[in-house]
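Reviewing the structure listed below.
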Number of protein chains: 2
Amino acid sequence: MRKKVTLKQLAKELNLSISTVSKSLKNDPEISEKTINRVHELANFYNYKPNALAVSLKSNKTKTIGVILPEILNHFYAKALFGIEQAASKNGYKIVTCITNESHKKEIEYVEMLNYSSVDGFIVALSQETQMVNELDHFKVLKRDNVPIVMFDRVSDEIECDKVIVDDKIASKNAIQYLINTGCTKIAVITTISSDLSVAKLRLEGAREITDKNDNVSLIELPVKDNNNVEDEIEKFLKDNNLDAVLGLDETAAAVTINMSLKLGYKIPKDISVIGFTDGLLSRHSYPKLTTVSQHAEDLGAKAAQILVNQLDNFSENYKVKTEVVKTSLILRNSTN
Amino acid sequence: MRKKVTLKQLAKELNLSISTVSKSLKNDPEISEKTINRVHELANFYNYKPNALAVSLKSNKTKTIGVILPEILNHFYAKALFGIEQAASKNGYKIVTCITNESHKKEIEYVEMLNYSSVDGFIVALSQETQMVNELDHFKVLKRDNVPIVMFDRVSDEIECDKVIVDDKIASKNAIQYLINTGCTKIAVITTISSDLSVAKLRLEGAREITDKNDNVSLIELPVKDNNNVEDEIEKFLKDNNLDAVLGLDETAAAVTINMSLKLGYKIPKDISVIGFTDGLLSRHSYPKLTTVSQHAEDLGAKAAQILVNQLDNFSENYKVKTEVVKTSLILRNSTN
DNA sequence: CTGAAAGCGCTTACAG
DNA sequence: CTGAAAGCGCTTACAG
């Protein structure tokens, strides 16, 4: 069905050998200028492009990066993906993206599939299930074969590889400190994401550390249990506790807190201050607009891609892995004083 | 660096020829059962998987679908992508996704790139720029080469290919009719997306058709000009016109309308009813929750993928293209009576 | 300066 | 029942 021009055809039409045509296209100095020009001319005429499959088979490189993401309906990962794509394509790499939907099994399948379709390396944010069961053999196989991996955001100590993470703990500390500075003393932390996630743990720890140091400040925690019932749980929680501030450990928690506060007739930020994580659509389109911890997802993704590309383009046996921490920033909007 | 097991190695270790090993792995009946078993055993031991590149080079099939999307931070496309991925992987296809970011130039680049990395077919939603300049030569090249294309959502008459679209016009008609049925007479249509988009045009047409038929109903239109100034434009518009209903032709328009109404002290839906398009995060997390036209993005994507896969798996010269229309539904929530 | 040959990892028609 | 050979489209060391 599809018949693309090949070296063979060019060679035939030019009365040259395939080798000569191949070399000419690379402007090999050992070929006469005249021949080079003839070849280029015909190649342009036919809009010849080398068959990527064949080149890859020879070179054992595909110039393709496998990207494994837990979710895509989540603004954070969507933005990270955007950053990855930009950085990759700038460096001549394309990406193949797979969404695990937080499933450990899917993650294993995708890693194997991409590995056997010969991606040059991987960029990964672990699925929730993987972090929960803590089983990462599928990545160990890659390591054994020297396939470079860069993990970002959701990482694991089990795998020795480059990592790009957010300073979640510090971010959380800063957010709580900001609330305290603006006069809040009865603070709650609300989360709708699983406490199995590395990021959830760190954010919670950060919050605790700060409130523990302040005797006059109390911290109440609400890990939402039923994700189909987030609103009711949060509404009840707000009503039962006389809070003056909430830190949502994820964007949904913060957005719903805003809406339920509105519903209960609380004034924001007069009666209650709210800070969220992830500077996504919900934060920018809530009313009032959410003060939020921006994790600079795009930078995070771009950085991960850049690290991987460097490793791929300059492979070295004794490469030593590193962990980069991307600083967050607190974006002040209207949900805090 | 990466050394995967090959047929050659298996053959050597088993003292068989490469051909015999290859056939054994396919359980070719002309090979003795004993040999087949020996081969499978060793292959399992080494976890042998055929090199996808080599298989593709031989078969001229990659079992890969190229997906070209205008945006990914948009819930609609993110959901569509999810649907595509599900349907594709169920049928043994993987997908390579490229985001054009609404750029015509990027779209051309990606189509060429994917074509030369030999994807078997394409699923496309056109970029805004492409719909504006109406130049689709890059797809015509694919057609000439018999590479199957399925367009969805943002399609073009210029290209003869399968299409999966939403009944945008009817959706818009139904939404307006619903507003009229609930007693609204002074209705506005607000849009933050470009009027160059096929979908924008259809939605607007639908709205006009219904209001034209109702003498006592007036329709005012606000195409937001400056996308950095959406809120101010909408706030002013709401203040200047004494509306009792707004249909947002995109999710942002509707979400901002809700927020600005709140800001102006209007009660929703008592003073003003609001309906949006695209049943995304913003619609579900606004306060009050948005009544919205769901385009069933996931189904849309899944359907597009299914059509493409069928075409790929049963290629026929005299295939006749079709256009499938996916019905929308109006999801009633709290922003309307 | 040009070309024949080997090889990347597979498949398959053909021979024995 | 097994294997040698050709070929997918390229690259590159080697020969002339």
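Each chain gets a letter, A, B and so on, in the order its sequence line appears, and its residues count up from 1.
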Name the nucleic acid region contacted by [X], choosing base, sugar-phosphate or nothing; use a 4.0 angstrom heavy-atom cut-off, strictly under.
X        : result
Lys26(A) : sugar-phosphate
Ile18(B) : base
Lys8(B)  : sugar-phosphate
Thr35(A) : sugar-phosphate
Ser19(B) : base
Ser22(B) : base
Thr20(B) : base

What I want to find out is whether Glu129(A) reaches Lys106(A) closely enough, with some N-O distance under 4.0 Å, to be called a salt bridge.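 Lys106(A) and Glu129(A): not salt-bridged.
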Quick one: pull up CG in Asn91(A) and CG in Asp313(A) and give me the separation to the nearest 0.5 Å. 6.5 Å
Rounded to the nearest 0.5 Å, what separates atom CD1 in Ile31(B) from atom CZ in Arg38(B)? 12.0 Å
Sub-4.5 Å side-chain heavy-atom contact between Met113(B) and Lys94(A):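 When only atoms from C-beta onward are counted, Lys94(A) and Met113(B) do touch, with a gap below 4.5 Å.
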Residue mapping more 5' on DNA chain D - nearest nucleotide basis, Ile36(B) or Lys49(A):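 Its nucleotide being nearer the 5' end, the pick is Ile36(B).
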With DNA chain D as reference, determine whether Leu7(A) or Glu30(A) sits nearer its 5' end, using the nearest nucleotide of each. Leu7(A)
Answer yes or no: is there a donor N or O on one side and an acceptor on the other, between the side chain of Asp162(B) and the main chain of Val321(B), under 3.5 Å? no
Please confirm whether the backbone N or O of Ser156(B) pairs with a side-chain atom of Lys163(B), one donor and one acceptor, at under 3.5 Å? yes
Using the P atom in both, what is the distance from dC1(D) to dC10(C), to the nearest Å?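 Straight-line distance between the two P atoms is 25 Å.
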Roughly how far apart, to the nearest Å, are dA4(C) and dG7(D) at atom P?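 Those two atoms are separated by 15 Å.
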For DNA chain C, list all stems, counting runs of three or more consecutive pairs where every pair is Watson-Crick or G-U wobble with both distances under 3.5 Å. C:1-3 with D:14-16, C:5-12 with D:5-12, C:14-16 with D:1-3
Lys322(B): which residues meet the side-chain hydrogen bond (donor to acceptor under 3.5 Å, both in side chains) condition with it, sequence neighbours left out? Tyr319(B)
Phe152(B): which of Leu126(B), Leu69(B), Val326(B), Val166(B) passes side chain to side chain contact (heavy atoms under 4.5 Å, CB included):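 Result for side chain to side chain contact (heavy atoms under 4.5 Å, CB included) with Phe152(B): Leu69(B).
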How far apart are the C-alpha atoms of Leu10(A) and Ile18(A), what are their side-chain angles, what is the distance that settles it, and do they pass the side chain to side chain contact (heavy atoms under 4.5 Å, CB included) test? CA-CA 8 Å; Leu10(A) 293 180; Ile18(A) 293 177; over 6 Å; no
Please find the earliest and latest nucleotides of DNA chain C, in the 5' to 3' direction, that have an atom within less than 4.0 Å of any heavy atom of chain A.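 For DNA chain C, the relevant span reads dC1(C) to dG9(C).
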